[in-house]
Amino acid sequence: MNYVKDMREKLNIEYVKSELIKTAYGGKETFLASLHPRTLIIWYLFFGIVPWFIHNKIVLSCFLVLMVVLTIMARVSPLIIVILCAGLLGEIGFLLLVSLVFGGGLASLLPMFWLTVKLAVIALASIAVFTSMDPERFSDALLSFGVPGQASFSVSFGYRILPTLVEEFQRVFLSYRLRGKAPETHGIFYWRTASYYLKLLVLSFYPLILNSAKRSRTTVEALETKGFSYSFTNAEVKKMKLAHLTYTYKDPLFLIGTVAYISFAFWLGTFIS
Amino acid sequence: MSRSSLVQLSNVTFTYPGADRPVLKDINLTIYEGEFTAIIGGNGSGKSTLCKTFNGLIPQFYVGDFEGEVILDTMKTSDHSVAQLSRNVGYVYQDFENQLVRPTVMDDVSFVPLNYGLADYKERGEWALNITGLSALRNEFIWQLSGGQMHMLALAGALAMKPKLLIIDEPIAQLDPNHAKQVYDILKKLNEELGITIIVIEHHTEFIANYCKEVILMDQGELVWKKDVREALSQVVELVQRNIYPPQVTQAAYALLEKGHEDRILPIQMNEAITHFSPYSQRTETLPPFTTTSMAGKRELIRFHQMSLEYRTLKKERKQVLSNVNTSFYQDDLIALVGNNGAGKSSLLKLIAGIVKPSDGHVVVLGKETRKASPEVLSEAVSYIYQSPEEMFIDDSIRKDIEYYLRVRKIPDYELIVDKLLADFNLVDIQHQDGRLLSGGQQRRASLAIGAAMNPAIILLDEPTANLDVATKQQVIQMLGKLQNHVQTVIVATHDMQLVAEWANRIIVMNSGSILADGNRYDIFGDEDVMRKAGLVPPQILQLSRALCLAPPCFTIDEFTSRLDVVGAEGVQLELCKGYA
Amino acid sequence: MAKREVFQLTQSQKMMVFILSMSLYGLSNMFTELIPSLQLGPVELSVEYFAFIPLTLCILFHPLYAAIGASLGEIIFGELMLGQFGGIGEIEKFITFSLGMYIAGILVRNPLNRMQVGVAVMSGLIVHHLLGMIVDIGKVWVGVEELEAVKGLAESIIVIEGVAFLNDLLFSGILFALLPTLYLVPRLYGKIEPLLGMKPRNKDDRYTMKEIVTPRFVVIGIVLSAIAIIAEFLSETEFSFGEWEPDFMEMFGDWFIWIVIGVAAVIAVITIALMARKNRTQRSKLNNVA
C-alpha cells in the first residue's frame with residue numbers, strides 16, 4: 001500500500017529539500033530523542049504490530065490520540081504530516097471508488113475508515129520514533145541489538161555520504177542540462193518536459209555509478225587503514241562505541257506510562273462496549 | 001648515521017592484478033625515523049603505489065604479484081594485517097573526502113583510536129583537532145565543511161593515533177597559497193616537535209624546497225635516487241627531462257650558470273636566491289614600452305549590476321556569498337578571478353552560467369537576463385567547465401562527450417567539427433576511451449574540448465589547473481591559448497598565480513564576496529596591500545625580481561634571465577630593495 | 001592468493017559493491033519518493049523505483065551484496081532519512097526486493113547477452129512484485145474486521161492490487177528497470193570493474209554451489225516462513241474475531257489482547273533474530289572467502 005504519495009508537485013522543491021535536510025540533519029532535542037534507542041525500538045515494536053490485531057474502536061481511538069500527542073512532541077516536520085495525510089485519504093478514497101463499482105456502496109466506508117485509523121496509528125508511531133532517532137542513533141541501536149558491525153556502520157555511513165552524493169548528482173544532472181536541449185514545447189500534461197527530465201534522471205546514474213565506484217574504492221581502502229576491521233576483533237570496542245547510550249529515569253518512566261495508558265485504553269474499551 | 005630505520009624495502013617488485021607490467025621494479029629503500037621526505041615523479045611513476053607498500057595495503061589489500069620484503073618498524077608487512085600495521089601509520093589520500101567516513105567532525109577524528117579500543121579516544125580526537133585548528137568545528141557535519149577543512153580533518157584523523165609515520169598524498173593540491181602554507185607549517189611542527197616521520201607526494205617543488213629534508217625521485221616504477229633536498233632540486237636537467245620543474249628561482253639560477261658549472265648546488269629558497277643573484281647585473285637594453293590594455297570601445301558581453309547572492313543555512317541563517325557586485329566583462333577579455341577559498345569566485349561563474357540566480361540585482365549575459373533564462377538556453381552562449389572533469393563525462397567515450405551538445409541539436413556535419421576539436425586538443429588517440437579512465441591531464445584537455453564544442457561566446461573555467469603536475473599545467477595553459485580562438489572571452493577562477501601571471505590580461509581580485517581590485521597584472525601584483533588582503537602569493541620569479549628591484553618586474557623565468565647579465569658584466573649593478581634585505 | 005577457477009571477490013571488494021549499491025540506490029530512492037505520480041483512472045503512472053541500479057550491480061558483481069545493499073539503502077535514504085520509515089512494514093519490502101534482485105543476478109551467466117539479461121530482470125521483478133502483492137492483500141485481510149461482510153470490498157482490494165501489480169511490472173518495471181539495465185550493463189561491463197580493482201566477470205565463471213545455495217536458502221526460508229505466518233494469522237483472525245469477539249472480550253477482558261500482544265512480540269523478535277543471523281551467516285561466509 002502506498003500511504004505516501006501525490007500532492008508533492010504542489011510543494012516548492014526548495015522547501016522540500018530544506019525540510020528533508022532539516023529532518024535528516026537538524027539535531028533533535030525532544031523528549032523522545034532523549035530516550036535510549038533500545039527503549040524506543042521496544043516501544044515501537046509494540047505499536048508497529050499490535051494495532052493490526054485490534055478491532056476495538058475505542059482502543060484504536062485512544063492509541064491514535066497518544067500517537068498524535070507524541071508526534072507533536074517529536075516536532076515532526078509538517079511536510080511529512082501533510083504527505084502522510086494526503087496519502088491515507090487518497091488511498092481510502094480510491095478504494096471506496098472501486099468498491100462502489102463492485103456494488104459495495106457506502107457500507108464499505110466504515111471498515112475502511114477504521115483501517116485508516118489503524119494505518120495512521122502505525123505510521124505515526126514509526127514517524128514519531130524514527131524522526132527522534134537520527135540514522136546515527138539508529139545505527140547504534142542496531143549495534144546494541146547485536147546486528148553485525150558492518151551493517152550498522154553502513155547505516156551511519158549512508159548518513160555521512162548522502163549530501164556528497166546529492167551534490168555530485170546535481171552537478172552531473174546539470175552537465176546533461178547544460179549540454180542538452182530541453183524540448184521546445186511542454187506537450188500535453190507536460191509529458192515532453194516530464195519525460196525529458198525523467199530520462200536525464202536515469203541517464204545521470206551512468207556517470208554517477210562510475211564515479212561512485214572510484215570513490216568507494218578509496219573509502220574501503222581507508223577503512224582498512226583506519227583499523228575498522230580490527231575493531232571487530234575486540235569486544236571492548238563495541239562497549240566503548242555504545243557507552244554514550246545510557247538509560248535514565250526517563251526510560252522506565254516512559255515505558256510504565258505507556259503501559260498504564262494502554263491498560264487504561266483497554267479498560268475503557270471493554271467498559272464502554 | 002645513528003638514526004634507526006622505520007621502513008625498509010628490499011627488492012620490492014609489484015604488479016597489479018591484470019596488469020602486464022610491474023608498477024614497482026626492484027625497489028630498495030630505507031626511511032629513517034624523523035625524516036621529512038618528498039616523493040616526486042611524473043604521473044604513473046608509482047609514487048602512490050610505493051607508499052601503499054609501507055602500511056601493507058600492498059600486498060594485503062591489492063592482491064597482485066608481489067616480490068621482496070617490506071619491514072615496518074620491526075614487523076614484516078606480509079605477516080601482519082593492514083589494520084595492525086596501520087596503528088603506527090597515518091595515511092591521507094589524494095581524494096581525502098572519501099576517507100572521511102563518519103557523519104560529524106568529532107566522530108571522524110576519534111574513529112581510528114576508537115577502532116583500536118583506546119579508552120582515551122576522545123582526548124586523542126580533541127588533541128588532533130587542536131593541532132589542525134579545527135576545534136571550533138567539532139560538532140559540525142562533514143558536509144558542512146569546506147574542501148580545505150575536510151583536508152585538515154583527514155589529516156587530524158590520521159594524527160589521532162599519534163603515528164610514527166604519516167604519509168600524505170598531495171597535501172596542498174586544492175588549496176590556496178595561505179592554506180597550503182598552513183598545512184606545511186603544521187607538518188613541520190609535527191616533524192620537529194613530535195618527531196613524526198613525514199612522507200609527502202608532492203608536485204610543488206617550492207614547498208619541497210622550503211619544508212622537506214629529503215627527496216625521492218621515482219620514474220616508471222623505478223626508484224632513481226634519494227637525495228638531500230638541496231642536491232635533489234639542483235638536478236635541474238634530470239628533473240626537467242622527467243617533467244618535474246624545480247622552484248622558479250632554481251630554474252633561473254640554472255639558466256644563468258656559466259658553462260661547465262652545471263653540477264653546482266643552486267639556490268632553492270627565496271632568501272638564498274636573493275643572495276645568489278645579488279652579484280649579477282641588469283642588462284641595459286631598453287625594454288619595449290609597456291601598454292595597458294584599454295577597455296574602452298570593446299563590446300560588453302556580461303554585466304553585473306548591483307548584484308548580491310545569499311543563501312539560507314540549515315539554521316535558517318542568511319549567508320551572504322556575494323554582495324553588491326558591479327562589473328562588466330568585454331570581448332577579448334582573458335580574465336582571472338583570484339582570491340581565497342570561499343571568496344565567491346565559483347559563485348560568480350555559476351551566476352554567469354545561470355546555474356545560480358542572483359538574490360538581488362541583475363546579471364545580464366549577451367543581453368539576456370539570467371534570472372529569466374534556463375541553463376539550457378544560456379548554454380548556447382556560455383560554456384561552464386567544472387573543476388572536476390569527471391562530472392562532465394556523461395557518455396562512455398570522450399568523443400561522444402564532445403559531440404553530445406552538437407548531436408542533440410542535430411548540427412549538420414558535426415563529425416567534422418568533432419574531428420577538428422580532437423586534433424586541436426591532442427585527443428585523437430584516446431577519443432574512444434571513457435574520460436574517467438584517463439590521466440589527469442588528458443581529462444582536463446577533454447573537458448576543455450567539450451566546452452569548446454559548444455561553440456560558446458563565453459567560456460568559464462573553475463580551477464583548470466588544480467591537481468595537475470607542472471608539465472601538464474603548461475599544456476593546459478597552452479590549450480587555453482587555443483581556446484581563445486574559439487571564443488570571445490575566457491573567465492578562469494584559479495589559485496594558480498603562475499597561470500594568472502602568464503596568461504590573463506585582466507585580473508579580478510575577490511575577497512569575502514566582493515571585488516577588491518580589478519586590473520592588469522602590473523596593477524594587481526604591484527599592489528602589495530591588495531595581495532596581502534586577498535591572501536595571494538605572487539609567483540616566485542616575480543617576488544625575486546621585485547626583491548632585486550627589477551623594474552618593471554618579471555613574470556616569467558625567460559623574462560628574468562634575459563634581463564640579467566653574468567656577474568661582472570657591464571650594466572647596472574643589482575641592489576636589494578628596501579624591505580627585502 | 002592462488003589463481004581462481006570461479007568468480008570470487010575479496011572481502012573488501014564485496015564491501016565496495018555493498019556500499020556502492022546502498023548509496024546509489026538509496027539516492028535514487030530519495031528521488032523516486034519525491035517524484036509526483038500521475039493517476040489515470042485505476043492506472044497509476046508512478047516512478048516506483050530505479051531498480052536498474054541494483055539490477056545492474058547484481059548482474060555485474062556479487063548479486064547477494066548488491067541486493068542487500070540496495071534494500072538497506074532504500075531503508076536508510078528513502079525512508080529513515082526522509083522521516084518516513086515504516087518500521088516493521090519495511091522488513092517485508094527488504095526481503096522481497098532483495099530476493100528479486102538476487103534472483104535476477106544469479107540468472108545471468110553472460111552480462112553481454114541481452115536476452116539473458118532481459119529475462120533475468122523480468123523474473124526478478126515478478127518475484128518481487130508478486131510477493132509484495134500477496135503481502136499487501138494479506139495486510140488488509142488482517143487489518144479489516146469482517147472483511148467478507150462488506151460487499152465488494154474483498155474483490156475491489158484484489159482488483160486494485162492486481163492492477164497495481166501489472167502497473168508496477170509493466171510501467172515502472174519496463175521503463176525504470178528493464179530498459180535502463182539493458183542500456184547500462186553492456187556499457188559498464190569491463191569498465192567499472194577496474195575502477196574497483198577487480199577483473200570483469202567472465203561468461204564461463206560459475207558460482208559455486210556454496211555460494212548459490214547458502215544465502216538463497218536463507219532468504220527463501222525467511223520469505224516462506226513470513227508468508228506462512230501471515231497465512232496463519234489470516235485464517236486465525238477471521239475465525240476468532242468474526243464470531244467470538246463480543247463474548248470473548250466480555251469474558252476475558254484485556255487478557256486476550258495481552259496474548260495477542262505477546263504473540264506479536266515473539267514474532268517480531270524471531271524475525272529480527274533471523275535477520276541478524278542471516279547477516280552473520282554472510283559475514284562468516286565472507287571471512288572464509290577472504
Side-chain angles (χ1 to χ4, degrees), chain A residues 14 18 21-22 25-27 134-136 153 156-164 166-168 170-172 174-182 203-204 206-208 210-211 213-237 239-241, chain B residues 52 55 57 60-61 81-84 86-87 89-91 93 95 97-104 107-108 111-112 114-117 119 121 141-143 157-158 161 312 314-315 353 355 374-379 383-384 386 388 390-396 404-405 408-409 434 436 450 454:
Chain A
E14 271 306 310
S18 80
I21 292 217
K22 223 168 69 186
Y25 296 96
D134 60 41
E136 194 54 22
F153 172 79
S156 83
F157 182 71
Y159 192 49
R160 144 80 183 97
I161 206 70
L162 178 78
T164 316
V166 171
E167 261 171 43
E168 175 152 17
Q170 276 181 331
R171 284 193 294 265
V172 170
L174 198 64
S175 274
Y176 277 100
R177 285 192 66 188
L178 286 179
R179 274 143 71 189
K181 192 169 187 306
L203 285 175
S204 298
Y206 169 75
L208 209 58
L210 286 169
N211 292 351
K214 226 172 171 179
R215 253 216 309 271
S216 68
R217 184 172 173 180
T218 306
T219 301
V220 172
E221 194 181 312
L223 277 178
E224 212 49 43
T225 69
K226 284 172 178 254
F228 181 61
S229 57
Y230 188 86
S231 70
F232 300 120
T233 60
N234 190 343
E236 278 301 302
V237 177
K239 245 185 239 169
M240 281 165 59
K241 279 186 179 170
Chain B
K52 284 176 185 175
N55 59 357
L57 278 172
Q60 310 245 358
F61 188 86
S81 71
V82 178
Q84 276 172 315
S86 296
R87 237 187 141 110
V89 183
Y91 201 112
Y93 286 81
D95 50 340
E97 310 90 8
N98 303 326
Q99 78 179 101
L100 307 175
V101 294
R102 305 282 294 142
T104 66
D107 280 342
D108 196 78
F111 184 62
V112 187
L114 178 60
N115 280 333
Y116 286 106
Y121 68 97
F141 286 111
I142 303 285
W143 55 268
M161 287 299 287
R312 278 167 195 274
L314 188 60
K315 290 163 193 134
I355 299 166
S374 72
E376 277 100 336
V377 171
L378 280 172
S379 77
S383 117
Y384 176 64
Y386 293 169
S388 130
E390 301 199 349
E391 283 152 1
M392 295 189 68
F393 300 137
I394 53 180
D395 219 317
D396 62 355
Y404 187 90
Y405 177 89
V408 295
R409 280 172 180 70
D434 190 292
R436 264 160 287 272
I450 292 170
M454 296 162 71

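Note that the structure is a prediction, hence the values are computed from the model and not measured.
In terms of heavy-atom proximity, B:Y405 sits nearest to B:S379 at OH-O, 3.7 Å. In terms of heavy atoms, A:G227 sits closest to B:N115 at O-CB, 3.3 Å. For the pair B:V82 and B:N55, the tightest heavy-atom approach, listed with the atom from each and the gap, is CG1-O, 3.8 Å. For the pair B:R409 and A:G180, the tightest heavy-atom approach, listed with the atom from each and the gap, is NH2-O, 2.8 Å. Shown here for A:K214 and B:E390, the closest heavy-atom pair between the two residues is NZ-OE2, 2.6 Å. In terms of heavy atoms, A:L178 sits closest to B:P375 at CD2-CB, 3.7 Å.
Ring planes of B:Y404 and A:Y176: perpendicular class, angle over 60° (limits at 30 and 60°).
Contact of the B:R87 side chain with the A:Y230 side chain is registered, since non-hydrogen atoms from C-beta on lie closer than 4.5 Å. Residues B:R102 and A:R160 form no side-chain contact, since every pair of their non-hydrogen atoms from C-beta on lies 4.5 Å or further apart. Side-chain contact between B:I394 and A:L203 is absent, with no heavy atoms from C-beta onward closer than 4.5 Å.
With respect to chain A, the highest number of heavy-atom pairs below 4.5 Å among B:S81, B:S388, B:A119, B:G117 belongs to B:G117. Taking chain B as the reference chain and counting heavy-atom pairs below 4.5 Å, the highest number among A:T225, A:T164, A:V237 is found for A:T225. The candidate with the highest count of non-hydrogen atom pairs below 4.5 Å against chain B, out of A:S229, A:S231, A:S204, is A:S231. For the set A:R177, A:E167, A:E224, A:E168, the entry with the most heavy-atom pairs within less than 4.5 Å of chain B is A:R177. In terms of non-hydrogen atom pairs under 4.5 Å with chain A, the most contact-rich of B:D396, B:D434, B:D107 is B:D396. Comparing B:Y121, B:F111, B:Y384, B:Y91 by heavy-atom pairs within less than 4.5 Å of chain A, the highest count is held by B:F111. In terms of heavy-atom pairs under 4.5 angstrom with chain B, the leader among A:P163, A:S156, A:G158 is A:P163. Between chain B and the residues A:L210, A:L208, A:V172, A:V220, the most heavy-atom pairs under 4.5 angstrom are made by A:L210.
B:I142 touches chain A through its side chain: at least one heavy atom from C-beta onward sits under 4.5 Å away, while N, CA, C and O do not. Only the side chain of B:I355 comes within less than 4.5 Å of a heavy atom in chain A; its backbone stays farther off. At a 4.5 Å heavy-atom cutoff, the contact between A:E221 and chain B is made by backbone and side-chain atoms alike. Proximity to chain A (any heavy atom under 4.5 Å) is restricted, for B:Y93, to the side chain, taken from C-beta onward. Looking at B:D395, the atoms closer than 4.5 Å to chain A (heavy atoms on both sides) all sit in the backbone: N, CA, C or O. Looking at A:Y206, only its side chain comes within 4.5 Å of chain B, counting heavy atoms on both sides. Proximity to chain B (any heavy atom under 4.5 Å) is shown, for A:I161, by neither the backbone nor the side chain. Only the side chain of B:I450 comes within contact range of chain A, with at least one heavy atom under 4.5 Å from a heavy atom of that chain. For chain A, the nearby parts of B:D95 are the backbone and the side chain; heavy atoms of each come within less than 4.5 Å. For A:K239, no part lies near chain B; criterion is any non-hydrogen pair under 4.5 Å. For a residue to count as touching a neighbouring chain, one of its non-hydrogen atoms must lie under 4.5 Å from one of that chain's; by this rule B:M454 touches chain A with the side chain only.
The backbone N or O of A:S216 sits nowhere less than 3.5 Å from a side-chain atom of B:N98 that would complete a donor-acceptor pair. Side-chain N or O atoms of B:Y116 include one that pairs as donor or acceptor with a backbone N or O of B:A83 at under 3.5 Å.
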